[in-house]
Q: 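The structure is given below, and queries will be raised subsequently.
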Amino acid sequence: RDKKQKTILIMMSNTGGGHKASAEALKQACEEKYGDKYRVLIVDMWKEHTPAPWNTMPDSYSFLVKHGMLWRLAYHSIQPRMIHVPYFCAMRAFIGRHLAAAFDHYDPDLVVSVHPLMQHINCHVLRERAKRLGRARPTPFATVVTDFTTCHNTWFCKDVDKCFVPTEFCRQLGLGMGLRPSQLVLYGLPIRPIFSKRLPGRTQLRKKLGLLPDVPAILLVGGGEGMGALKATVEQLDARLQGDAQVAVICGRNKKLLQELRARQWQGGSHVVACGFVDNIHEWMAACDTIITKAGPGTIAEALISGLPILLNGNVPCQEEGNIPYVLDNGVGAFETDPAKIADIMQDWLAKENRQEFRAMAHRSSALGKPQAVYHIVEELAQLADSLGAEARLPARECCSGGKRGGRE
Ligand code: UDP
């Protein structure tokens, strides 16, 4: 490792696809902006650096969200600070030294969390580590909130240097949890830089993706896992639109659904293109006119940047619930879970007589998108990483005569 190169450690966990996608967006933007000045590491701290049973958390999450009641219970039971702070304290007794060993291993100049359960324990472990190493102040710590609206209280820890939030709604939640206005920074959700780049024209993209050049195209997505009633929705769209629109279905990691859709003949004569997990979802969004998706924050933010009217067809309980009024109140889409009614709405949106209102909705969507947010966040992260200068590494007793360590108390 180059001695001058600074290390930014991004802590994520694969609970849903969104945390990983945000971490990758930050890494890509940082590399694009600063080349190899910073070494950006993305680490699943729970899976790679905690012992059993803590390291099974990503798998437990997948199980819990599929059982709504259990997830609601788990989610709400640790909402109050008077519960989650002692809870994290107890957990620290089991996993604290493992996390400390991980920090020794990576020796970061900045730690960034893109996960709701990674603030409190790690801030404490970093403070203790600074004392142990005789450092004047702990390694800077930033949270990048990757939920759009209704985010869990554990996202907000008063000990962080900065907390980047995607919406005013989240900023208000942060203030309510006692963070200072100067700690909270509002830019938007970090979305992969590719979404802010110019793409070939729609006709060219449609040709590349196997779509028809001049038929309205509906993109159907169910998050990274291909969740929701995707098959029934294509059936209804085919029956209702009778080939007046084409459908692109992104099945994500849902291989069974992909096989089923590819084997089907469509009675209504619709052109249906199905694919598995794609790395070029930005191209699919640019090639289509509208999107049907569950209320995942990443997909919503990407669809806004792409200027797509959004039909939400479901949501993960709790953290995605607030995304529905966000889409509705901003006039960029609708919410409907019944596949037959979804097809009705699509027919309405795409009807010739409604073209003007549909375009206005697309325009509002694009105006709400924040493609530059990722770069603004990365600029501030770079400043934080640089702030752990040589003076911060002096022995604690030489620097702590004023009492406080680095403003994180
Ligand atoms: N995604 C992708 N390829 C796919 C399906 C999904 O890149 O085939 C991305 C999508 O663009 C988004 C993320 O996976 O960035 C899903 O995040 P979201 O917050 O919408 O939902 P989650 O999967 O976290 O519930």
Side-chain angles (χ1 to χ4, degrees), residues 12-29 42 44 58 61-66 68 71 75 114-117 144-152 155 166-167 170 188-197 199 209 219-228 230 248-258 261-262 273-288 291-306 308 310-324 326-327 333 335 369-371 373-374:
M12 63 95 196
S13 191
N14 256 329
T15 47
H19 306 303
K20 188 167 178 224
S22 294
E24 278 166 3
L26 293 169
K27 180 178 163 78
Q28 287 167 18
I42 298 177
D44 187 331
Y61 172 82
S62 301
F63 173 81
L64 287 174
V65 286
K66 284 181 194 134
W71 176 239
Y75 186 94
V114 292
H115 196 274
L117 298 182
V144 179
V145 176
T146 66
D147 283 330
F148 223 33
T149 50
T150 32
C151 48
H152 200 277
W155 275 110
T167 55
C170 286
L189 205 72
I191 292 302
R192 283 165 284 172
I194 192 78
F195 275 87
S196 58
K197 304 285 181 267
L199 285 172
L209 300 173
L219 184 62
L220 182 56
V221 191
E225 304 303 319
M227 287 157 74
L230 300 187
V249 195
I250 310 283
C251 304
R253 295 181 195 89
N254 190 339
K255 290 195 181 124
K256 189 167 163 256
L257 174 70
L258 178 64
L261 291 180
R262 284 201 170 152
V273 180
C275 34
F277 194 92
V278 297
D279 290 327
N280 61 341
I281 207 156
H282 59 289
E283 291 187 331
W284 288 94
M285 288 192 183
C288 291
I291 186 169
I292 304 172
T293 174
K294 76 172 187 75
T299 308
I300 292 176
E302 291 163 358
L304 293 176
I305 293 173
S306 309
L308 297 178
I310 305 166
L311 206 173
L312 298 175
N313 65 350
N315 62 285
V316 168
C318 305
Q319 72 268 29
E320 286 183 0
E321 279 161 6
N323 299 345
I324 299 164
Y326 181 82
V327 164
F335 175 69
K370 295 197 166 66
V374 69

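Each ligand, and each atom within it, is numbered from 1 in the order the structure gives.
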Q: Please report the C-alpha distance between Leu199 and His282 in whole Å, then the side-chain angles of each, then the deciding distance to 0.1 Å, and finally whether the side-chain contact (heavy atoms from CB on, under 4.5 Å) criterion is met.
A: CA-CA 9 Å; Leu199 285 172; His282 59 289; 3.9 Å; yes
Q: Go through ligand 1 atom by atom and flag the ones less than 4.0 Å from a non-hydrogen atom of Lys294.
A: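 In order of number, 21 (O), 22 (P), 25 (O).
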Q: Under 4.0 Å from any heavy atom of Gly298, which atoms of ligand 1 are there?
A: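 In order of numbering, the contacting atoms are 18 (P), 19 (O), 20 (O).
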Q: From the options Asp147, Thr299, Val278, select the one whose nearest heavy atom is closest to atom 20 (O) of ligand 1.
A: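 Minimum heavy-atom distance to atom 20 (O) of ligand 1 goes to Thr299.
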Q: Using the test ring-ring contact (aromatic ring centres under 6.0 Å, His included), find all partners of Trp284 that sit at least two apart in sequence or belong to another chain.
A: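 Partners of Trp284 under the ring-ring contact (aromatic ring centres under 6.0 Å, His included) test: none.
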Q: Only heavy atoms of Ile250, strictly under 4.0 Å: list the atoms of ligand 1 that pass.
A: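 Taking each heavy atom of Ile250 in turn, ligand 1 has 4 (C), 8 (O) under 4.0 Å.
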Q: Taking only heavy atoms of Ile281 into account, list the atoms of ligand 1 that are under 4.0 Å away from them.
A: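 Under 4.0 Å from Ile281, ligand 1 has these atoms: 11 (O).
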Q: Within this structure, what is the CG-CD1 distance for the pair Asn280 and Ile250, rounded to the nearest 0.5 Å?
A: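 The distance works out to 7.5 Å.
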Q: Has Glu320 got any heavy atom lying under 4.0 angstrom from an atom of ligand 1?
A: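 Right, Glu320 reaches ligand 1.
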Q: Can you name the residues that form a side chain to side chain contact (heavy atoms under 4.5 Å, CB included) with Pro116, not counting sequence neighbours?
A: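 With neighbours one apart ignored, the set is His19, Thr154, Trp155.
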Q: Using a strict threshold of under 4.0 Å (side-chain N to carboxylate O), is an ion pair present between Lys294 and Glu320?
A: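 Salt bridge between Glu320 and Lys294, a charged N being under 4.0 Å from a carboxylate O: yes.
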Q: Is Val316 near ligand 1, meaning one of its heavy atoms is under 4.0 Å from it?
A: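 Contact check Val316 vs ligand 1: negative.
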Q: Quick check on Lys256: does its NZ atom have over 12 non-hydrogen neighbours (other residues, nucleotides or ligands) under 6.0 Å away?
A: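 No - once you tally the heavy atoms of other residues, nucleotides and ligands closer than 6.0 Å, there are 12 at most.
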Q: From the options Arg192, His282, Gln319, select the one whose nearest heavy atom is closest to atom 9 (C) of ligand 1.
A: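 The option holding the nearest heavy atom is Arg192.
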